[in-house]
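First comes the structure, then the notes that go with it.
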Amino acid sequence: MKAVVYEAFSVPPKIQQVPDPTPEAHGVVVKVMATGVCRSDWHGWVGHDPDIELPHVPGHELAGIVEAVGKDVRKWRVGDRVTVPFVGGCGTCPECYSGNQQVCDSQFQPGFTHWGSFAQYVAIHQADTNLVALPETLDFATAASLGCRFVTSFRAVVDQGKASAGQWVAVHGCGGVGLSAIMIANAVGANVVAIDISQEKLQLARELGAIATVNAAEVANVPEAVIEVTRGGAHVSLDALGHPSTCFNSISNLRKRGKHVQVGLMLAENSTPAIPMSKVIAHELEILGSHGMQAYRYGAMLDMIQTGKLTPEKLIGKTIDLEQSIEALMGMDRFQGVGVTVVTEF
Ligand SMILES: [Zn+2]
Ligand SMILES: [Zn+2]
């Protein structure tokens, strides 16, 4: 098969012919019909992820058609239209038994712990635990765009932040994660304030449901600006970028007993950011993470998509082919594109 392969970190990947994957007994091979390009792929490519062994094929936001099925798989057949959370569970550890496959003790991540979906085919383990059936009406590009940023945002806003109607939700950073979170928070009835340094992204944030915006490049103090807009601070605030300054601002702009959810990844030199812990104590703040979402929770999100309450297709910036994915991957640290880039031609 054709795949995007890198043989060293930070060296441009190349399209190569590599052997087709075969399914494990409990796994499947999926013919990739669409795969998103994500900043996590960039982190992996530059060497921030200790799971990656070289040579490597990136890609973890995928949707496709089951091509081959292992002998122990019960629920899936060749031809099924599927997607998969970016964190796969083993199905047999205490976290999986408690329903928290997103933090499985023996988790796998296509594109990190094994070869991913910047390829014509990808192997997925423990298919009965991890595959998600796609509704016929959901196209592959949109389904792929859910894979990491959208589901992580859904879990962050709905399951971790528990944002509800009438609450203020602040979203710091309006890339793929942030725009997803804005759409989801708006859909559950929260009032959303979006924060970014790009007027273009803030405009898109408004179109997706933000009722107020703060341009962080134009105000002297971002938390004060958010507290003013929200008349006392956000009930739930997300760092959707993953940077010490947006993390600090997100915690600082909470009202008492508010929840900060860290969604953007904090890696390498950003992995131990300063946080205003005195405020966490005095105001009884909560600090939470969001690490993908369990396959069984996709149902609620897919229902909201099918009923038109969520429209993730609006977040797709452009569709490209496998060759173009190389440039797109290497450029993911520059925050240039608006919306999610999806590879749809292999
Ligand atoms: Zn597990
Ligand atoms: Zn991703």
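Counting starts at 1 for both ligands and their atoms, in listed order. In what follows, every heavy atom counts, from backbone to side chain, and hydrogens, waters and symmetry copies are set aside.
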**Report entry** Heavy-atom side-chain proximity of Cys38 to Arg149 below 4.5 angstrom
**Finding:**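 A side-chain contact exists here, since the closest heavy-atom pair is under 4.5 Å.
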Query - 4.5 Å side-chain heavy-atom contact, Val78 and Val69 - result: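 Counting from C-beta outward, Val78 and Val69 do come under 4.5 Å.
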Query raised in the report: What orientation do His48 and Trp42 show, parallel under 30°, tilted 30 to 60°, or perpendicular over 60°?
Result: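 Rings of His48 and Trp42: perpendicular, over 60°.
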Requested in this report: Assign the ring pair Phe112 / His60 to parallel, tilted or perpendicular, where the plane angle (0 to 90°) is split at 30° and 60°.
Outcome: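 Geometry flag for His60 against Phe112: tilted rings.
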Requested in this report: Indicate whether the side chain of Thr142 and that of Asp139 have a donor and an acceptor atom separated by less than 3.5 Å.
Outcome: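 Asp139 and Thr142 do have a side-chain donor-acceptor pair below 3.5 Å.
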Query raised in the report: Who passes ring-ring contact (aromatic ring centres under 6.0 Å, His included) against His291, sequence neighbours left out?
Result: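 ring-ring contact (aromatic ring centres under 6.0 Å, His included) check on His291 returns Phe86.
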Query raised in the report: Crowded around Leu138 CG? As in, over 12 foreign heavy atoms under 6.0 Å?
Result: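 Yes.
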Report task. Would you please indicate if the ring centroids of His243 and His172 are separated by under 6.0 Å? Result ->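 Between His243 and His172, the centre distance exceeds or equals 6.0 Å.
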Query raised in the report: Going by chain and residue number, what protein N/O/S atoms come nearer than 2.8 Å to the Zn ion (ligand 2)?
Result: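 Listed by chain and number, the nearby protein N, O or S atoms are Cys38 SG, His60 NE2, Glu61 OE2, Cys148 SG.
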Report task. Just the protein N/O/S atoms under 2.8 Å from the Zn ion (ligand 1), please, no waters. Result ->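 As for protein N, O or S atoms lying under 2.8 Å from the Zn ion (ligand 1), they are Cys90 SG, Cys93 SG, Cys96 SG, Cys104 SG.
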Query - Pairs involving residues 300-323, ordered by first then second residue, that meet side chain to side chain donor-acceptor pair (under 3.5 Å) (sequence neighbours left out) - result: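 Residue pairs with at least one partner in residues 300-323: Thr137-Gln306.
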